[in-house]
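Reminder, nothing fancy here: chain letters follow the sequence lines and each chain counts from 1.
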Amino acid sequence: MSEADGLVSEPDSRVSAADGQTSEADGQVSEPDNHVGEDGEQSRLVLSAHPLQRVGAYALAYLGKAPSPERLAPDAFEKAVHRVTEDAVRAALVRDTRSDKGFWLKSSLSFFPNSKMNHLSNAKKDADTIGDAVREWRRLPKPQARPAVACVLCGRGAVGFFGKVDVPLAESDLYRNSTPRGHAGMALCRPCLCSFHALPYGCRLTGGPSIALHSWDEPFMARTLSRRVERNRRLIALGQADPRGIPAREVLALHALRHHEDRLTAGVELLVFSNNNRGQTLEIHTMEQPVAEWLRRSSRPPRRRGFPALLRAHATPDRPGVVGLARNAFRSPDRIVGACGRYLTARLDRGVIRDDTAELAELCFSLTIEVMRMNQNEVDEIRTAGAQVAAWLKAENSAGELRKLNATLKEQKQMRHWLMRRNIDALLDTRDRIKGPLVTEEQFRLLFDPEVEQSWLHRQLLVVSVVQRLHELGFKPGDRAEVAAAMADEDKEHPEDIGYMKGEES
Amino acid sequence: MTAVGPFEDEDVRAVEALEVTVTAPIVSFRNPLYAGVQVALPCPPPATVGGMLAAAAGGWDAVDPGTRFAMAFRARGKGVDLETYHPLDATGRKADPTPREREFLAGVTLTMWLVADAELWERRLRRPVWPLRLGRSQDLVGVATRRVMLRTGPGRQGHAVLPEGIAPAPGGTLLRLPTAVSLDRSRTRWDGYRFDPSGRSETPITGDRVNEAGQTVAFLPPVHPAQLAAAVGA
Ligand SMILES: [Zn+2]
């Protein structure tokens with residue numbers, strides 16, 4: 001506690017460093033010795049374990065035109081920090097969050113509430129006073145004003161203690177249960193602090209809660225953040241909101257994956273947060289690496305042929321497929337299999353096999369192996385059973401039998417009964433149209449044994465296999481053409497899904 | 001970053017280890033990165049488990065700085081409840097108690113393996129100096145120990161908490177967890193870990209050891225605060 005006590009005796013240490021106040025109309029960094037004298041340590045970014053610090057560090061790196069935070073040279077770091085500060089000054093001078101150019105100021109309320117940038121009293125202050133106050137807030141404290149403690153994130157020398165005004169989701173300095181009065185809590189070095197100041201550049205800004213995309217995959221961070229910062233720089237310069245509106249938050253992750261060219265080595269986290277005075281909030285949604293990598297590959301060449309079908313399978317009349325797909329990917333990837341199954345079987349009752357069946361079925365099988373980690377032998381068994389059932393249906397060439405199979409999908413007892421009946425029929429069939437049983441004992445076990453953990457998934461996959469094989473066999477019962485014609489316009493694509501396939505961010 | 005096992009010289013033999021099973025009805029492991037909101041971790045950070053061992057020993061001074069353990073963790077369920085937070089107002093005025101959401105894990109079992117000083121730890125865990133708690137549990141935990149044999153070879157990932165860097169990469173989520181916290185709590189060492197809360201991953205994992213049930217046993221970096229002090233000095 002000794003360091004903390006030292007701070008209390010000098011509660012305004014950060015403000016007292018302001019004595020060298022010079023009017024910085026040109027905004028030059030006034031105290032270069034502060035960092036050069038320490039081997040540039042206070043001007044070098046380090047990536048920490050804190051996702052939001054990392055997002056901010058990447059944003060600063062991009063503002064300083066470096067490929068990664070570690071490669072941002074001290075000079076470029078200073079320039080980037082300067083730019084962040086001057087953007088804050090410009091926003092503060094707007095004074096009114098409801099004005100045309102007030103979006104960036106409004107956003108600051110959910111990052112830096114009660115800061116010099118958005119203080120209520122700014123409305124009555126002149127430009128120089130506001131500008132000086134904002135620059136002072138962001139200035140590096142002099143060495144003598146710094147506490148002799150380590151940065152809690154990176155372990156280098158801290159330049160002060162910081163709370164909610166600078167660091168989203170830190171404890172408010174109004175409520176300090178573990179430190180003395182006036183103590184803002186979090187010891188930070190300047191590069192880590194500046195990372196938090198640059199955090200908004202790396203987020204999707206909505207005016208309300210912000211959305212940050214984070215991953216431990218560094219190349220993914222570099223690319224995703226560079227696009228985000230590029231866009232935000234323009235919006236921040238204009239002070240205006242993104243004219244494209246606010247997409248479903250999960251979709252941001254899908255767009256980032258679609259643009260990423262390399263194999264992902266880690267999953268993707270979506271942090272939806274607000275540091276607003278009315279209540280700090282944080283939601284963390286995690287998409288695991290296997291499903292993230294599967295989505296990335298599936299929406300890019302050479303695999304992307306089935307992707308439009310995957311989007312259609314997740315679309316509802318009032319929601320684009322990309323939203324449903326993104327939500328399933330974050331919450332429950334196994335539901336993607338269910339959505340594909342439902343889509344492929346949606347018209348079986350009318351004897352119709354969709355034209356995009358082959359592509360979607362292949363995506364579905366790749367998902368079960370790459371994401372659901374289903375055993376390849378088991379997948380093969382299920383596919384064999386599906387092919388046998390399809391062969392039997394083709395031989396019957398009856399839309400009626402297909403309808404009967406379709407009717408069993410929701411009730412596993414009925415499906416089991418249907419399969420057992422047809423198994424016997426096929427065995428007794430003297431015309432010998434099918435070789436061997438429809439479904440072997442082992443396959444029955446995989447499909448219906450309560451001891452088999454993923455038997456429901458196996459049943460979904462059986463249906464997908466049957467439909468896929470029927471598609472290959474050109475299964476077209478008599479009335480198919482007219483039914484298909486009647487339903488041709490049911491598959492209208494959502495504009496957002498078409499945009500996704502073109503690579504536009506919604 | 002692959003953990004180096006303590007057995008290089010005796011890889012061919014099975015070793016005896018102390019297997020510690022810790023159970024608790026409700027626990028909550030907070031992510032310390034976010035002070036103003038409660039964010040829970042899906043498994044205990046190694047630093048927290050280390051703290052429990054130190055409590056058993058009577059403090060970190062009594063713990064060998066090189067102490068390492070392996071661990072597996074499972075929870076039967078999770079949920080969110082409200083806890084009352086009593087803020088101390090920095091201005092000295094009385095502040096109102098505020099409800100805060102708290103995520104919790106229910107019906108948890110932590111399994112740990114210790115090889116060095118197995119007998120000493122067995123004694124300490126049977127008669128701990130300080131009460132044993134895990135996370136922010138309001139209740140004390142149940143502890144059982146037994147001697148087991150650990151062999152070399154790959155094992156099932158199951159509910160193991162694994163150090164990052166094991167190749168090929170195990171399933172589950174990559175987490176950054178506190179490994180060690182300095183005595184004054186000002187510094188935290190963070191490392192990457194892999195954990196699959198479902199325990200479903202059947203991928204064979206080549207950890208340091210495997211127990212009789214086929215569970216892989218991978219030793220984590222040392223959790224003693226002295227490790228951290230050394231790192232800062234370096
Ligand atoms: Zn730092």
Side-chain angles (χ1 to χ4, degrees), chain A residues 1-4 48-54 149-156 158 163-164 167-187 215-217 265-267 269 271 273-275 279-284 286-290 372-373 375 453-454, chain B residues 31-42 45 85-93 95-101 103 157 164 169-179 181-182 184-198 200-203 228-229 231-234:
Chain A
M1 289 311 281
S2 57
E3 296 101 352
S48 74
H50 198 310
L52 297 180
Q53 185 268 343
R54 286 165 48 82
V149 296
C151 170
V152 290
L153 296 181
C154 73
R156 299 178 300 178
K164 183 174 144 82
V167 184
L169 308 174
E171 191 76 283
S172 163
D173 60 354
L174 294 177
Y175 296 146
R176 298 301 313 171
N177 283 22
S178 51
T179 47
R181 279 186 203 181
H183 189 297
M186 205 171 172
S215 174
W216 299 105
D217 182 310
T265 56
E269 290 169 307
L271 293 96
F273 66 97
S274 172
N275 199 34
Q280 305 191 101
T281 57
L282 170 66
E283 286 170 46
I284 303 176
T286 305
M287 189 193 296
E288 303 293 351
Q289 186 272 340
M372 314 298 294
R373 296 193 215 107
N375 181 305
E453 202 180 340
Q454 290 181 307
Chain B
N31 186 332
L33 291 175
Y34 310 101
V37 289
Q38 298 266 12
V39 179
L41 297 165
Y85 174 63
H86 299 271
L88 294 181
D89 190 325
T91 63
R93 280 180 307 226
D96 297 329
T98 22
R100 271 197 186 173
E101 285 196 342
E103 292 179 48
Q157 178 177 351
E164 185 187 11
T173 310
L174 183 60
L175 300 165
R176 285 284 184 285
L177 300 176
T179 301
V181 178
S182 64
D184 66 0
R185 305 195 68 80
S186 70
R187 288 293 324 280
T188 303
R189 175 179 154 182
W190 296 78
D191 288 295
Y193 297 90
R194 286 241 178 221
F195 177 62
D196 177 8
S198 79
R200 277 222 309 256
S201 176
E202 292 293 327
T203 321
L228 193 77
V232 174

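- A/L153 has its side chain within reach of B/L33: a pair of non-hydrogen atoms, C-beta onward, lies under 4.5 Å apart.
- Neither the backbone nor the side chain of A/E269 comes within less than 4.5 Å of any heavy atom in chain B.
- The candidate from A/Q289, A/E283, A/Q53, A/E453 with the greatest count of non-hydrogen atom pairs under 4.5 Å with chain B is A/E453.
- The two residues B/R187 and A/A150 come nearest to each other via the heavy atoms CD-CB, 3.4 Å.
- Among the candidates A/R156, A/Q280, A/H50, the residue making the largest number of heavy-atom pairs closer than 4.5 Å to chain B is A/H50.
- The closest side-chain heavy-atom distance from A/W216 to B/R176 is below 4.5 Å.
- More than 12 heavy-atom neighbours from other residues, nucleotides or ligands sit within 6.0 angstrom of CZ on A/R373.
- Both the backbone and the side chain of A/A49 come within less than 4.5 Å of a heavy atom of chain B.
- With a threshold of 4.5 angstrom between heavy atoms, A/S48 does not approach chain B through any atom at all.
- In this structure, chain B has a heavy atom under 4.5 Å from the side chain of A/E288, while its backbone stays farther away.
- Heavy atoms of B/T173 lying under 4.5 Å from chain A belong to its backbone as well as its side chain.
- With respect to chain A, the highest number of heavy-atom pairs below 4.5 Å among B/N31, B/V37, B/L177 belongs to B/V37.
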